[in-house]
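First the structure, in the form of structure tokens, and then the observations on it.
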Amino acid sequence: VQLQASGGGLVQAGGSLRLSCVSSGFTSRGYSMGWFRQAPGKEREFVAVVSHNTVSTYYADSVKGRFTVSRDNAKNTVYLQMDSLKPEDTAVYYCAADRRISSTWYTLRPVDVDYWGQGTLVTVSS
């Protein structure tokens, strides 16, 4: 099982980045897919999730209206489009896959996630 995240980098406040995560080694279309992030000195937190059938999406309040999560099951890929970035968005972003329905991800503990990607660093300068 592998989740390969990419797309992180350095961007100025107000800018945009698009993260991608390609999965392999399991049937990802049977899983909810999404993103968590971890800032220096803080716990890993939920960011966004898309349901296995792409119908439903959920977001943390801190990113709602600025980030868009999507997936392409034909490509085994989940995306996170990040617009209007703020310095407080600086973190390592991890893609995740879990069999729990997407609406429960707000309370999903990182230790309970089925699969993790390796993380990609996003740095937003002010």
Side-chain angles (χ1 to χ4, degrees):
V1 172
Q2 189 172 18
L3 281 75
Q4 185 70 38
S6 62
L10 174 64
V11 64
Q12 288 188 331
S16 297
L17 281 175
R18 189 194 196 205
L19 306 183
S20 300
C21 177
V22 181
S23 59
S24 61
F26 69 107
T27 307
S28 61
R29 63 186 64 201
Y31 288 69
S32 299
M33 300 285 296
W35 299 87
F36 285 69
R37 68 185 181 186
Q38 187 165 16
K42 295 189 176 181
E43 294 185 351
R44 195 169 298 191
E45 63 176 5
F46 165 73
V47 175
V49 62
V50 55
S51 62
H52 71 285
N53 58 3
T54 77
V55 169
S56 301
T57 58
Y58 299 91
Y59 299 90
D61 288 343
S62 58
V63 307
K64 202 171 294 183
R66 300 187 298 120
F67 290 11
T68 304
V69 63
S70 62
R71 65 190 293 171
D72 183 339
N73 284 336
K75 297 182 178 179
N76 295 324
T77 302
V78 60
Y79 305 97
L80 186 68
Q81 177 66 41
M82 304 185 294
D83 299 317
S84 302
L85 282 161
K86 304 176 181 180
E88 51 264 43
D89 294 318
T90 295
V92 176
Y93 283 72
Y94 297 89
C95 62
D98 194 87
R99 286 162 291 184
R100 294 170 180 81
I101 60 172
S102 52
S103 59
T104 67
W105 276 45
Y106 292 114
T107 58
L108 181 59
R109 299 185 306 164
V111 68
D112 292 329
V113 170
D114 288 334
Y115 303 124
W116 286 108
Q118 87 287 4
T120 184
L121 177 62
V122 172
T123 304
V124 184
S125 63
S126 57

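If you look at Phe46 and Trp35, their ring centroids are not closer than 6.0 Å. Ring centers of Phe26 and Tyr115: under 6.0 Å apart, within the cut-off.
Taking CZ of Arg99 as the start and OG1 of Thr27 as the end, the distance is 11.5 Å to the nearest 0.5 Å. Separating the CE atom in Met33 from the SG atom in Cys21 is a distance of 5.0 Å, to the nearest 0.5 Å. Summarising the geometry, atom OG belonging to Ser126 is positioned 10.0 Å from atom CD belonging to Glu88; distances are rounded to the nearest 0.5 Å.
Taking each heavy atom of Ser51 and Ser32 in turn, the nearest pair found is CA-OG, 4.3 Å. Heavy atoms only, all atoms of each residue included: Ser20 and Thr77 are closest at CB-CG2, 4.4 Å. The two atoms that bring Val49 and Ser102 nearest to each other are CG1-O, 3.5 Å, heavy atoms only.
When hydrophobic clusters are built by joining Ile, Leu, Val, Met, Phe, Trp and Tyr residues whose side-chain heavy atoms come closer than 4.5 Å, directly or via intermediates, Leu121 is not grouped with Leu85. When hydrophobic clusters are built by joining Ile, Leu, Val, Met, Phe, Trp and Tyr residues whose side-chain heavy atoms come closer than 4.5 Å, directly or via intermediates, Val78 is grouped together with Met82. Put simply, Val69 and Leu3 are part of the same group of oily side chains (I, L, V, M, F, W, Y) that touch within less than 4.5 Å, one to the next.
Between the side chains of Asn76 and Ser28, at least one donor-acceptor pair of N or O atoms lies under 3.5 Å.
Counting only residues at least two apart or in different chains, ring-ring contact (aromatic ring centres under 6.0 Å, His included) contacts with residues 49-85 comprise Tyr58-Tyr106.
Residues Leu17 and Val122 form a side-chain contact, since some pair of their non-hydrogen atoms from C-beta on lies under 4.5 Å apart. Inter-residue side-chain proximity for Leu19 and Thr120 is flagged as met; some heavy-atom pair is nearer than 4.5 Å. Residues Lys86 and Arg66 form a side-chain contact, since some pair of their non-hydrogen atoms from C-beta on lies under 4.5 Å apart. When side chains are defined from C-beta on, Thr54 does not count as touching Arg29, because their heavy atoms never get closer than 4.5 Å. Leu80 is listed as a side-chain neighbour of Val47, based on a closest heavy-atom distance under 4.5 Å. Proximity of Gln4 to Gln118: side-chain heavy atoms (C-beta onward) are separated by under 4.5 Å at one or more points. Side-chain contact check for Gln12 versus Pro87: every heavy-atom pair is 4.5 Å or farther apart. For the pair Gln81/Ser70, no side-chain contact is recorded, criterion being any heavy-atom separation below 4.5 Å from C-beta on.
Annotation: cation-pi geometry satisfied between Arg44 and Tyr94 (NZ/CZ under 6.0 angstrom from ring centroid, within 45° of ring axis).
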**Request:** Give the intermediate values and the outcome of side-chain contact (heavy atoms from CB on, under 4.5 Å) for residues Val113 and Leu108.
**Result:** CA-CA 7 Å; Val113 170; Leu108 181 59; 3.7 Å; yes
**salt bridge (charged side-chain N to carboxylate O under 4.0 Å, His left out) evaluation trace for Lys64 with Asp61** = CA-CA 5 Å; Lys64 202 171 294 183; Asp61 288 343; 3.1 Å; yes
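The salt bridge (charged side-chain N to carboxylate O under 4.0 Å, His left out) test applied to Arg100 returns Asp98, not counting sequence neighbours.
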